[in-house]
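Note that the structure is a prediction, hence the values are computed from the model and not measured. FYI, side chains are in, hydrogens and waters are out, and symmetry mates aren't considered; it's all heavy atoms of this structure.
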Amino acid sequence: MAPARGRRLPRQLLAIMVAGITGTLLEVFLHTTALTSDYPGIAFSGTILGMVQPGAIYLYTQSVMYRDFQLKVRHLVHLLPVLGAGFVFWIGYYSQPTEAQARILSDSHYPGVMNSIALAVILHGIMLGYLWVTLRKISRFGLELRNIFSNLGNKELSWLRNLLLAYTAAWSLSLVYCLLAHVMRVTGSHEWLTIAATGVSIAVLLPMSVLAFRQPAMFAGIRPAMLNTGVPSQSSTGDRSPAPLTGQIEQLMDQRRPYLHSNLTVDRLARMAELSPRELSHFLNQQMGKNFYEFVNGYRIEHARRRLSDPADTASITDIMYESGFNSKSVFNTLFRKTTGQTPSQYRRSNGDSPSTFDGRSERSDS
C-alpha cells in the first residue's frame, strides 16, 4: 500500500500548481474588472496564492522523475516565496488604513505588485528562476536515463519540458509588459493581458493535467538504486584492464545480441557481462566515450543496416526496425539518418533494391 500512497504525491502537487495558476489568473481578473475598488480586502490575494507555483512546479517535477520521492522537512524552504509575498503585502497593503489602500490601488499600473517595480522584478524573478532550475533538472534527468535505458519512450518527460518552456515564455512576456507599465507608464486596457493569461493557462493546464494523470501508467519514475552508475570503487575495478573488458563486452554483444531486446537496461546487460551496473556504465562512458543508450543503439543501427543492405531480406522496414530492438519510428529514423546520412528507405534503395516503405503500424510501448 505504501507505493500507492506515494504515487498520489504527484497529483497532490499538481493540484497545488493548479491552485497557484488560478491565483495568478484571479489577480488579473480582479485588476481588470476593478473589483478591488469595491472590495479592497481581496486585492493582491491572487498574487500571494500564485506564489505557491514555483515550489510546487519544482517538487512536482521531482515526484514524476523519481519513483520513491517523498516530501521532507527540508522541502518547507519552498514555502518561502508565498510566505514572503504574504509578509510584504501585509506590511505594504493590508496593514495600511483604508485611504492608503485606495491610493495604492489607484496608482497600480499592473495587476498584483502594488505599483512597485522592485516587487514586480522580484516576483517574476522567483518564478522564472524556479522554472529555469526545473528545466535544468529535466535536462540532467535525460542524461541519467541514457545511462540506464536503451529505449527512452515516455521517460524523458518531453511533454513537461515543453509545457514549462511555454510557461517560461509567458512569464517572460509578463515581465516585459510589467516593466513597460511601470517604467514607461504604458497604460490602457488590460483586456489583452487577461486573454493572453487565460489562453496560456488553458494551453498549459489542460495538457499538463491530462498527461500528469497518465504519467504513472506510462512511466512511474526511476528508483535511486538505478542511479548507482557513477565512478566504481577501486576495489571493484582494480583487477580489470580496459582491453580484456572491451573484448568481453564486444563478444557478448556479437554472440548473444542482447540489443535486440527493446527493453534492455544497463542492469540487465551488466548481469550478462558479470559486472555491476556502475562498472559497466563507467566503462562505457570513460573507455568507449558513449553512454549506455548510444552504445546499445549503435549495435541496433548496425543490425538494421545489414538487413536493409541484404537484397534477400524482404521484410518491411517497420519489421526490421522492431526486430532490431527499436520501438519508436521517429527515434529509429533520427538515429539511422544521423549514422548513415540517409533515411532507412533511401539506404535500402541505394543498397538493396528491396521494398522500402514503413507498413504504417503504430509504435510499440516501452513496457
Side-chain angles (χ1 to χ4, degrees), residues 15-57 79-131 163 166-206 208-209:
I16 296 174
M17 288 167 51
V18 172
I21 295 175
T22 302
T24 300
L25 289 175
L26 173 64
E27 191 63 43
V28 174
F29 174 77
L30 293 176
H31 183 90
T32 304
T33 58
L35 281 175
T36 52
S37 299
D38 298 327
Y39 306 97
I42 63 175
F44 307 115
S45 58
T47 298
I48 298 172
L49 177 60
M51 291 312 293
V52 304
Q53 292 178 74
I57 289 173
L79 290 176
L80 288 177
V82 65
L83 294 176
F87 177 77
V88 169
F89 282 105
W90 173 260
I91 297 298
Y93 179 77
Y94 293 115
S95 63
Q96 301 296 317
T98 303
E99 296 79 7
Q101 290 183 352
R103 186 169 58 254
I104 290 171
L105 292 175
S106 65
D107 290 341
S108 178
H109 298 287
Y110 188 83
V113 291
M114 295 192 304
N115 201 33
S116 168
I117 185 63
L119 181 59
V121 171
I122 290 172
L123 294 179
H124 282 80
I126 291 172
M127 190 68 216
L128 290 171
Y130 262 91
L131 286 169
L163 289 171
Y167 206 41
T168 300
W171 272 86
S172 299
L173 290 174
S174 175
L175 177 59
V176 170
Y177 184 82
C178 186
L179 292 173
L180 291 175
H182 283 81
V183 178
M184 303 179 65
R185 291 294 189 264
V186 175
T187 57
S189 175
H190 293 284
E191 291 180 2
W192 74 271
L193 180 60
T194 305
I195 295 173
T198 303
V200 169
S201 68
I202 293 174
V204 171
L205 278 180
L206 290 183
M208 180 176 287
S209 300

Problem set entry | Ser106 (side chain) donor-acceptor with Arg103 (main chain) under 3.5 angstrom | yes

Problem set entry | Spatial distance of atom CD1 (Ile16) from atom CD1 (Ile21) [nearest 0.5 Å] | 12.5 Å

For this session: Examine distances only and state if a side-chain atom of Gln96 and a backbone atom of Ile91 form a donor-acceptor pair shorter than 3.5 Å.
Result: yes

Exercise. Can you list the residues that meet the side-chain hydrogen bond (donor to acceptor under 3.5 Å, both in side chains) rule with Tyr130, with sequence neighbours excluded?
Worked result: His78

For this session: For residues Leu175 and Met127, determine if any side-chain heavy atom of one lies less than 4.5 Å from a side-chain heavy atom of the other.
Result: no

Problem set entry | CG-CG distance between Asp38 and Leu30, expressed to the nearest 0.5 angstrom | 11.0 Å

Exercise. Okay, side chain of Ser174, backbone of Ala170: is any donor-acceptor separation there less than 3.5 Å?
Worked result: no

For this session: Ignoring hydrogens and angles, tell me if any N or O in the side chain of Tyr94 forms a donor-acceptor pair with the backbone of Gln101 under 3.5 Å.
Result: no

Exercise. What closest approach, in Å, do Met17 and Gln53 show between heavy atoms, and which atom pair accounts for it?
Worked result: O-CG, 4.2 Å

For this session: List the atom of Ala85, the atom of Met51, and the distance in Å for their closest heavy-atom pair.
Result: CB-CG, 3.9 Å

Exercise. For the residue pair Phe89 and Phe44, does the interplanar ring angle fall in the parallel (under 30°), tilted (30 to 60°) or perpendicular (over 60°) class?
Worked result: parallel

Problem set entry | Contact summary for Ser172 and Leu128, nearest pair of heavy atoms | OG-CD2, 3.7 Å

Exercise. Going by heavy atoms in the side chains, are Thr22 and Leu49 under 4.5 Å from each other?
Worked result: no

For this session: Search all heavy atoms of Gly92 against all heavy atoms of Ile104 and return the closest pair with its distance.
Result: O-CD1, 3.2 Å

Exercise. So which heavy atom on Leu105 is nearest to which on Thr36, and how close?
Worked result: CD1-O, 3.4 Å

Problem set entry | Least distance between heavy atoms, Ser45 atom then Leu26 atom | OG-CD2, 4.4 Å

Exercise. If you round to the nearest 0.5 Å, how far is CD1 of Ile126 from NE2 of His124?
Worked result: 11.5 Å

